[in-house]
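Presented below is the structure to which this report refers.
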Amino acid sequence: TVSRLTKAYFQYGLLEVKDMKDEDWRFLIEDKDMRGNIFQRHFNLIQLLKDILFAVLLYTLYYHPLALIIMISLTQAALLAGIFIYPPYNKPLLNRSLKTTNILYMMLNILFLTLIGFGNTMSPSTKYFFIGFSMIGVVMCILACNIGFGLYSTIGDLISSAKEFIAEWK
């Protein structure tokens, strides 16, 4: 479907994806960089496959936490590199949000890796205060970033649509 929509976009160059009203699946690529590569156009699929891979890894490597966190971190690092090299979205704000959130997830992975790798050598208070509170802080930052970027984007869209409405009304 994404390949078909991409072909239609380049075939009818004057028509934007969001204006293809007869296409039910346009939401898959309407916010993506259409002039980009496969990573950028198929980013939703890549995210879905990453989530499925994480679920499979969690199920299969549950009793091997070091291997689990290493595999998750390597996958997350590859995705983060792709996001920095080929930003998938048209809007810079969406790319900034995606980069920020994924950097925070990498920080969480590093904290888990530290806990698993050096947990036996740390005192309980170090685990609790240093690693535990750091993890809580990173999770709170992830929540704050997602809420903050979402609110900023929504308020920006509301202001622009209100300006359009006022301009049409006059």
Side-chain angles (χ1 to χ4, degrees), residues 1-58 69 72-113 132-170:
T1 302
V2 172
S3 299
R4 182 177 53 78
L5 288 171
T6 304
K7 183 179 172 186
Y9 173 79
F10 286 116
Q11 187 175 2
Y12 309 109
L14 299 175
L15 190 63
E16 290 293 321
V17 175
K18 64 182 178 184
D19 297 328
M20 295 179 185
K21 300 297 182 194
D22 57 334
E23 290 291 343
D24 294 333
W25 297 94
R26 70 181 179 275
F27 68 90
L28 289 173
I29 58 171
E30 67 185 345
D31 58 348
K32 306 297 182 297
D33 185 7
M34 289 301 296
R35 304 235 180 260
N37 58 17
I38 291 174
F39 176 81
Q40 291 166 315
R41 287 192 313 267
H42 294 277
F43 187 70
N44 288 345
L45 177 64
I46 291 169
Q47 286 277 79
L48 177 66
L49 292 175
K50 177 199 69 130
D51 292 342
I52 291 171
L53 175 66
F54 283 4
V56 169
L57 286 173
L58 182 62
I69 198 65
I72 287 176
S73 297
L74 290 175
T75 306
Q76 190 74 32
L79 181 71
L80 188 60
I83 289 169
F84 270 94
I85 295 169
Y86 305 111
Y89 296 111
N90 286 330
K91 294 182 179 180
L93 181 69
L94 292 176
N95 287 322
R96 209 170 299 128
S97 169
L98 185 66
K99 289 174 186 176
T100 304
T101 305
N102 278 285
I103 287 171
L104 289 168
Y105 279 124
M106 279 303 294
M107 289 173 62
L108 195 60
N109 289 343
I110 291 168
L111 288 169
F112 273 117
L113 193 57
F133 282 138
S134 296
M135 286 180 175
I136 292 170
V138 169
V139 170
M140 294 301 289
C141 286
I142 290 170
L143 289 171
C145 284
N146 286 332
I147 292 170
F149 279 114
L151 279 174
Y152 183 81
S153 178
T154 302
I155 290 170
D157 291 344
L158 284 172
I159 290 172
S160 65
S161 63
K163 285 180 182 178
E164 288 176 14
F165 177 75
I166 291 171
E168 289 176 7
W169 188 53
K170 287 182 178 186

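As a basis for the values below, the full set of heavy atoms in this structure was taken, side chains included, without hydrogen atoms, waters or symmetry mates.
Rounding to the nearest 0.5 Å places CD1 of I69 at 9.5 Å from CD of Q76. Taken to the nearest 0.5 Å, the OH atom of Y152 stands 11.0 Å off from the CG atom of D157. Atom CG of L80 sits about 9.5 Å away from atom CD1 of I85, to the nearest 0.5 Å. In this structure, CG in L111 is found 11.0 Å from CD1 in I136, a value given to the nearest 0.5 Å. With rounding to the nearest 0.5 Å, the separation of CD1 in I159 from OG1 in T154 is 11.0 Å. Separating the CG atom in L108 from the CG atom in L113 is a distance of 11.5 Å, to the nearest 0.5 Å.
Within a 6.0 Å radius of CE in M135, more than 12 heavy atoms belonging to other residues, nucleotides or ligands are found. Within a 6.0 Å radius of OH in Y86, no more than 12 heavy atoms belonging to other residues, nucleotides or ligands are found. Remark: L45 CG is packed, more than 12 non-hydrogen atoms of other residues, nucleotides or ligands lying under 6.0 Å away. Taking a 6.0 Å sphere around CZ of F54, one finds it holds more than 12 heavy atoms contributed by other residues, nucleotides or ligands.
For G82 against F39, the heavy-atom pair with the smallest separation is O-CE2, 3.3 Å.
In this structure the side chain of I142 reaches within 4.5 angstrom of the side chain of V138, judged on heavy atoms. Within the 4.5 Å cutoff, no side-chain heavy atoms of Y89 are placed close to those of I83. With contacts defined as side-chain heavy-atom distances shorter than 4.5 Å, the pair M106/N102 does not qualify. Side chains of L94 and L98 form no contact here, defined as non-hydrogen atoms less than 4.5 Å apart.
Using bins of under 30°, 30° to 60° and over 60° for the plane-to-plane angle, the ring pair F165/W169 lands in the parallel bin.
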- Verdict with supporting geometry, N44 and L48, side chain to side chain contact (heavy atoms under 4.5 Å, CB included): CA-CA 6 Å; N44 288 345; L48 177 66; over 6 Å; no
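Between the side chain of S153 and the main chain of F149, no donor-acceptor pair closer than 3.5 Å is present.
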